[in-house]
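The structure under discussion appears below in the form of structure tokens.
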Amino acid sequence: MSQETAIASFKKFQQSWIEQLQHHLNYLRSAQNHHRNSVTGDEERLREAVERVMKHFREFHRAKWATTETDVVGVMAAPWSSALERSLHWVGGWRPTTLFHLVYTESSILFESRIVDILRGFRTGDLSDLSPSQFRIKFVKGRTVSELQCETVKEENAITEELSEWQDDASELVMGTSSNPEQRIRRLAEIVHRTDDLRLRTITRVVELLSPLQQAEFLIAAAELRAGVAGWGTSHDRRRSSNV
């Protein structure tokens, strides 16, 4: 497959993937509401809905991995994204630690909106139950959100440093003086693979730390954030094009 074909194919895949994601999220919202409104709850259905979304993320990871193998430079350019999205990219995509900021933000918003019920002793089971002190309490798997965040920051910094080193040597590629340009491009692909692995691993680990209802809250919030940025960016690109 040529590089142009690979990028065009991935762009088409992503459009379809986003549409399918919305279907999975609608099912997740339905399972979430059913769990909340049911007297006994339906945790099994909620877990199934969460797994559908996570499986969908894994499918995206595999497709991007294959495209990176064919055209890593095209993947870094991300022609399927808006200018705003590309301005926010880190090594060809979203920064993993963004997920922790999302957890903290959603927890605070839900906590404030349900403060009356919480003060009355009612437990909602969602992200509003993750108070600042709870972020420092050991979860079932022996790790806290804050600990996982620290580990992720270290990995991000290591990748940033590795990419910086690659960019320092990239002048030889531009000037055509590199003795082995294919090896340099291969190294970039390995950096992108490592970064995408971190993205998938981080969202998987965050989900594992949460209860089923909190998982649903988190995944819905993450998808809404992504859709909001994409929608805003697309609108901005259209306005910019109409003013040319």
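Only heavy atoms go into these numbers, but all of them, side chains included; no hydrogens, no water, no symmetry mates.
In this structure, Tyr27 OH and Leu46 CG are separated by 9.5 Å, a value rounded to the nearest 0.5 Å. Rounded to the nearest 0.5 Å, atoms CD1 (Ile159) and OG (Ser164) are 13.5 Å apart. Rounded to the nearest 0.5 angstrom, Gln32 CD and Asn37 CG are separated by 10.0 Å. Of the inter-residue distances, the one linking Asp71 atom CG with Glu4 atom CD reads 9.0 Å to the nearest 0.5 angstrom. From Arg95, atom CZ reaches atom OG1 of Thr160 across 5.5 Å, with rounding to the nearest 0.5 Å. Interatomic distance, Ser146 OG to Glu151 CD, rounded to the nearest 0.5 Å: 10.0 Å.
Two residues are said to be in side-chain contact when any heavy atoms from C-beta on lie closer than 4.5 Å; Asp169 and Arg187 meet this criterion. A heavy-atom distance below 4.5 Å is found between the side chains of Leu219 and Phe57. Counting only heavy atoms from C-beta outward, the side chains of Arg205 and Leu209 never approach each other to under 4.5 Å. When side chains are defined from C-beta on, Gln214 does not count as touching Val103, because their heavy atoms never get closer than 4.5 Å. The closest side-chain heavy-atom distance from Val207 to Phe218 is below 4.5 Å. Taking 4.5 Å as the limit, every side-chain heavy atom of Pro96 sits out of range of all side-chain heavy atoms of Arg201. Side-chain contact between Leu88 and Glu85 is absent, with no heavy-atom pair separated by less than 4.5 Å.
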As a quick check of understanding, evaluate side-chain contact (heavy atoms from CB on, under 4.5 Å) for Lys64 and Gln14, giving each step before the final call. CA-CA 9 Å; Lys64 189 180 178 186; Gln14 184 169 15; over 6 Å; no
Would His89 and Met76 satisfy side-chain contact (heavy atoms from CB on, under 4.5 Å), going step by step from the backbone distance to the final call? CA-CA 9 Å; His89 278 179; Met76 289 288 284; over 6 Å; no
Passes side-chain contact (heavy atoms from CB on, under 4.5 Å), Trp80 versus Ile7? Steps please. CA-CA 9 Å; Trp80 47 81; Ile7 293 300; 4.0 Å; yes
Test His61 against Asp197 for side-chain contact (heavy atoms from CB on, under 4.5 Å), laying out the working first. CA-CA 8 Å; His61 178 268; Asp197 283 346; 2.8 Å; yes
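The closest donor-acceptor contact from the side chain of Trp17 to the backbone of Phe10 lies at 3.5 Å or more, if one exists at all. Proximity of a side-chain donor or acceptor of Ser87 to a complementary backbone N or O of Leu84 within less than 3.5 Å is detected. With hydrogens and angles disregarded, a donor-acceptor distance shorter than 3.5 Å links the side chain of Trp166 to the backbone of Arg184. At least one donor-acceptor pair under 3.5 Å links the side chain of Thr152 to the backbone N or O of Leu148. In this structure, the side chain of Ser16 does not engage the main chain of Phe13 through any donor-acceptor pair within 3.5 Å. A donor-acceptor distance shorter than 3.5 angstrom exists from the side chain of Glu156 to the backbone of Thr97, with no hydrogens or angles considered.
The shortest heavy-atom contact between Asp237 and Ala83 is OD2-N, 3.2 Å. Contact between Ala221 and Leu102 at its shortest, heavy atoms only, is C-CD2, 3.9 Å. Minimum heavy-atom separation, Arg45 to Ser30: NH2-OG, 2.9 Å. Smallest separation of non-hydrogen atoms from Gly74 and Pro79: O-CD, 3.4 Å.
Within a 6.0 Å sphere centred on CD of Gln167, other residues, nucleotides and ligands contribute more than 12 heavy atoms. The environment of CD in Glu51 is crowded: more than 12 heavy-atom neighbours from other residues, nucleotides or ligands sit within 6.0 Å. The local environment of CD in Glu44 is sparse, with at most 12 non-hydrogen atoms from other residues, nucleotides or ligands closer than 6.0 Å.
When the side chains of ILVMFWY residues are joined at heavy-atom separations under 4.5 Å, either directly or via intervening members, Trp94 and Val53 end up in a single hydrophobic cluster. The hydrophobic clustering, which links ILVMFWY residues whose side-chain heavy atoms are closer than 4.5 Å, places Leu200 and Val50 together. Hydrophobic cluster membership is shared by Leu225 and Trp232, with clusters built from Ile, Leu, Val, Met, Phe, Trp and Tyr side chains linked at under 4.5 angstrom. Hydrophobic cluster membership is shared by Leu25 and Ile18, with clusters built from Ile, Leu, Val, Met, Phe, Trp and Tyr side chains linked at under 4.5 angstrom. Under a hydrophobic-cluster definition in which Ile, Leu, Val, Met, Phe, Trp and Tyr are linked whenever side-chain heavy atoms come within less than 4.5 Å, directly or via other members, Trp65 and Leu198 are assigned to different clusters.
Residues Arg186 and Glu69 are paired through a salt bridge, judged by an N-O separation under 4.0 Å between the basic side chain and the carboxylate. In this structure, Arg47 pairs ionically with Glu43, as a charged nitrogen and a carboxylate oxygen lie closer than 4.0 Å.
Taking the six-membered ring for Trp and thresholds of 30 and 60 degrees, Tyr104 and His101 have ring planes more than 60 degrees apart, a perpendicular arrangement.
Tested against Thr204, the residues Met54, Arg58, Arg199 include a single side-chain contact (heavy atoms from CB on, under 4.5 Å) partner, Met54.
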